[in-house]
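Have a look at the structure below before the remarks.
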Amino acid sequence: MPNDQISIAPIMGDSAQRVVDRVAKLDDLSRRFVKVASQGSAANPALNVPNPELFQKAALAYWSKAMHDPIDAVAQQIGFWSATANNMFEAQSLFGVESEETSGKDRRFANPLWDSNTFFHLIKEQYLLNASTLQNVVENADDMEPKDRQRLAYFVEQIVNLMAPNNFIGANPDAFFAALESEGDSLISGLANLVQDLEANDGDLVVRLADETAFSVGENIATTPGEVVYRNRIMELIQYHPTTETAHETPIVLFPPWINKFYILDLKEKNSLIKWITDQGYTLFVVSWFNPSEEDADVGLEQYIEDGYLTAIQQAKTICDVPQINAVGYCIAGTTLSLTLSLLKQRGDTSVKSATFFTTLTDFSEQGEFTPFLQDDFIDNIEDEVAERGVLSSHIMGRTFSFLRSNDLVYGPAIRNYYLGETPPAFDLLYWNGDGTNLPAKMVHQYLRKICQKNEFAENGIDLLGHTLRLEEVDIPLMSIACEADHIACWRDCYRGVQKMGSKNKSFIVSQSGHIAGIVNPPSKKKYGHYTNRDLKKEPTDWLEVAKFAEGSWWPTWEKWLRKRSGAMVEARHPAESLAKAPGTYVSKK
């Protein structure tokens with residue numbers, strides 16, 4: 001039956017007991033909602049919006065342009081009202097007309113009613129007109145500094161996304177007809193989902209992206225066999241069991257980012273990079289970082305380097321009785337691996353034979369999509385937050401990343417969970433995405449101020465551990481893998497950082513897809529290809545234009561490169577002792 005012909009008669013025919021049950025459930029959910037909503041901690045508004053001066057600058061820029069070019073300003077107004085009138089006439093012409101046409105590729109307006117129904121069509125078209133008008137105003141704000149205009153564009157985009165009509169239950173045809181078809185059960189289920197999310201986060205609203213009951217770390221994800229062979233305050237070191245009779249002499253020590261848990265590289269057997277590496281005949285060690293609490297406010301990059309990197313490298317060398325290891329760093333862990341390599345260079349320590357970087361930024365002269373958050377107003381407020389709490393909570397970090405893709409990671413899931421009453425999908429990657437970690441106060445300050453904002457490592461050097469560490473001192477053989485659609489670590493910026501490294505033996509790969517899918521891209525899927533080009537003297541765009549494209553995963557390309565730097569084959573090494581079974585204990589701390 002078409003949506004616009006759905007009858008509400010079944011609701012009237014409900015049994016008396018069913019009505020009573022629904023009322024009782026609504027009453028219970030309402031009481032729980034009121035109780036949990038009163039428990040929520042007041043969010044720090046300073047972490048959500050920029051300094052008001054940004055909007056004042058925008059208003060002055062618009063007013064200045066209007067004064068200098070009034071004809072253009074009047075033309076913009078006439079165009080806006082003309083388009084508004086056209087929307088109204090077009091909506092009236094749809095009265096009584098059925099249409100299956102949908103609104104292009106915008107998934108928010110996939111329901112045919114957005115095009116065929118007078119009401120829905122009008123609010124959709126007027127919303128799109130308002131959005132484009134705001135975006136054009138920002139784009140033409142010539143009197144603003146480029147960085148301010150970029151920041152303004154981001155916050156205007158957030159307003160535009162928030163005000164989309166499908167985000168309001170009364171203007172969402174999917175929600176309206178789901179309620180009719182389910183006789184109201186979808187709304188009750190949605191309220192139950194909302195209450196559960198609030199209760200799970202002490203009154204703060206964190207939209208669930210995945211069904212958390214579907215996964216258990218160590219049981220159906222992060223299941224590659226291994227042993228925790230070392231533990232200190234900062235990390236657990238996991239050595240994985242071999243799956244081959246022989247292995248390369250030089251082991252691998254892999255450092256995942258500490259913003260999230262390490263098991264993104266070991267979700268399931270079929271897409272586990274950890275499992276794949278062991279299957280290729282390598283002895284693999286992986287660091288599982290601790291999840292800081294307020295007592296760890298004093299932990300800085302020094303501790304991550306000394307107690308994390310240097311200790312893990314030494315432990316792997318001792319266990320395998322070798323003079324060198326091959327190191328891998330992912331995202332922020334790749335940035336810190338670069339710092340460590342500069343330190344080792346200055347100390348005359350040759351423990352690392354080669355380095356591999358996954359989506360790693362080392363030159364922050366261009367800040368990409370994080371520009372709005374790397375200015376003084378935001379960093380000042382973040383520093384106030386961590387000074388009070390000792391950590392930057394995983395909730396704040398997760399929210400920041402989510403709003404970079406708010407329609408996909410905030411509003412879309414909220415509509416499905418709360419308006420349609422759907423259970424979040426059993427999706428391992430989204431489960432991992434919600435399993436974040438806190439960041440210690442000192443490290444947050446060092447990373448945001450010194451590395452990101454001031455770009456000290458890539459420019460004049462950053463002072464750590466009694467040394468001034470410099471990017472050009474990274475001079476061992478290296479390979480960097482960046483991702484074409486990465487919105488966190490833009491591949492062009494990763495490329496520029498590699499260009500500044502001092503190594504005479506550099507390789508660079510651009511994988512298709514984004515920050516996670518471009519890395520977690522097993523050969524068996526044959527999904528995303530990759531680009532290679534040995535000439536790293538070109539500008540990024542020129543590099544890509546003449547790069548060679550290869551179908552399928554970059555994993556085998558990397559392994560072929562790594563194999564040449566991993567020594568002869570020796571008898572496979574089994575962990576000699578165990579403090580705990582993989583994935584260890586630190587990974588479970590919420």
Side-chain angles (χ1 to χ4, degrees), residues 252 254-255 326-345 350 352-368 451-452 455-462 469-515 518-519 521 528-566:
I252 298 172
L254 193 158
F255 299 95
N326 289 316
V328 181
Y330 191 171
C331 192
I332 188 176
T335 307
T336 312
L337 174 59
S338 298
L339 296 172
T340 305
L341 293 174
S342 173
L343 178 66
L344 291 175
K345 167 75 173 178
T350 59
V352 180
K353 193 172 185 178
S354 76
T356 301
F357 302 99
F358 297 165
T359 63
T360 293
L361 292 170
T362 50
D363 176 7
F364 288 83
S365 54
E366 297 290 335
Q367 297 168 346
I451 293 179
C452 296
N455 199 26
E456 290 183 3
F457 184 45
E459 294 184 359
N460 298 320
I462 180 172
L469 308 179
R470 296 180 173 85
L471 180 58
E472 61 263 27
E473 292 177 331
V474 179
D475 62 357
I476 63 174
L478 64 90
M479 174 175 281
S480 177
I481 296 94
C483 299
E484 189 176 20
D486 195 333
H487 64 285
I488 294 173
C490 174
W491 78 265
R492 293 176 178 82
D493 299 329
C494 296
Y495 178 84
R496 291 189 182 98
V498 171
Q499 283 184 312
K500 291 184 177 182
M501 293 178 180
S503 173
K504 296 179 180 179
N505 188 331
K506 306 176 189 178
S507 297
F508 192 79
I509 292 176
V510 172
S511 172
Q512 290 182 313
S513 196
H515 193 72
I519 297 298
N521 179 27
Y528 301 118
H530 60 281
Y531 299 88
T532 57
N533 181 354
R534 293 185 178 182
D535 184 359
L536 301 186
K537 295 180 181 180
K538 296 178 179 293
E539 288 298 306
T541 302
D542 296 333
W543 180 94
L544 188 62
E545 282 183 358
V546 296
K548 180 180 178 182
F549 178 75
E551 297 285 351
S553 173
W554 56 267
W555 292 9
T557 303
W558 170 59
E559 193 278 325
K560 183 179 179 181
W561 176 88
L562 189 67
R563 190 188 316 155
K564 298 176 182 178
R565 295 159 180 83
S566 298

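Using a 4.5 Å heavy-atom threshold, the side chains of M479 and S354 count as separate. Using a 4.5 Å cut-off on side-chain heavy atoms (C-beta onward), D363 and N455 make contact. Residues E366 and C490 form no side-chain contact, since every pair of their non-hydrogen atoms from C-beta on lies 4.5 Å or further apart. Annotation: side chain of M501 is in contact with side chain of F357 (closest heavy-atom distance under 4.5 Å). Under the 4.5 Å side-chain criterion, counting only non-hydrogen atoms from C-beta, S511 is in contact with N521. For the pair V328 and W558, the minimum side-chain heavy-atom distance is below 4.5 Å.
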- Message: Determine whether L361 and C494 satisfy the following criterion, side chain to side chain contact (heavy atoms under 4.5 Å, CB included), listing intermediate values before the conclusion.
- Response: CA-CA 5 Å; L361 292 170; C494 296; 3.9 Å; yes
- Going through the checks in order, is the side chain to side chain contact (heavy atoms under 4.5 Å, CB included) test met by T356 and R565? CA-CA 12 Å; T356 301; R565 295 159 180 83; over 6 Å; no
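Pairs passing the side chain to side chain donor-acceptor pair (under 3.5 Å) check and including a residue from residues 332-344, sequence neighbours excluded, read S342-E473. Under the salt bridge (charged side-chain N to carboxylate O under 4.0 Å, His left out) criterion, the residue pairs touching residues 478-496 are D493-R496, with sequence neighbours excluded.
The nearest pair of heavy atoms linking G518 to W554 is O-NE1, 2.9 Å. In this structure, V498 and T362 approach most closely via the heavy-atom pair N-OG1, 4.4 Å.
Listed by chain and number, the residues in a side-chain contact (heavy atoms from CB on, under 4.5 Å) with I476 are L341, V352, A355 (sequence neighbours excluded). Applying the salt bridge (charged side-chain N to carboxylate O under 4.0 Å, His left out) rule to E559 yields the partners R563; only residues at least two apart in sequence or on another chain are considered. Every residue meeting the salt bridge (charged side-chain N to carboxylate O under 4.0 Å, His left out) condition with K345, not counting sequence neighbours, appears here in chain and number order: D475.
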Quick one: side chains of residues 534-544, donor-acceptor pairs under 3.5 Å with protein atoms, not counting sequence neighbours, listed by atom name and distance.
from : atom 1 : to   : atom 2 : distance (Å)
D535 : OD1    : K537 : N      : 3.1
W543 : NE1    : N533 : O      : 3.0

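Counting only distance, with no hydrogens or angles, the side chain of W555 and the backbone of I519 share a donor-acceptor pair below 3.5 Å. Side-chain N or O atoms of K500 include none that pairs as donor or acceptor with a backbone N or O of L471 at under 3.5 Å. At distances below 3.5 Å, at least one donor-acceptor pair connects side-chain atoms of H530 with backbone N or O atoms of G552.
Residues S566 and N326 have side chains that bring a donor and an acceptor to within less than 3.5 angstrom of each other.
Ring geometry for F508 versus W491: interplanar angle of 30 to 60°, hence tilted. Aromatic ring orientation, Y531 versus F549: tilted (interplanar angle from 30° to 60°).
Taking CD of E551 as the start and OH of Y528 as the end, the distance is 13.5 Å to the nearest 0.5 Å. The line from CZ of R470 to CD1 of I462 is 11.5 Å long, rounded to the nearest 0.5 Å. L344 CG to L469 CG: the interatomic distance, rounded to the nearest 0.5 Å, is 10.0 Å.
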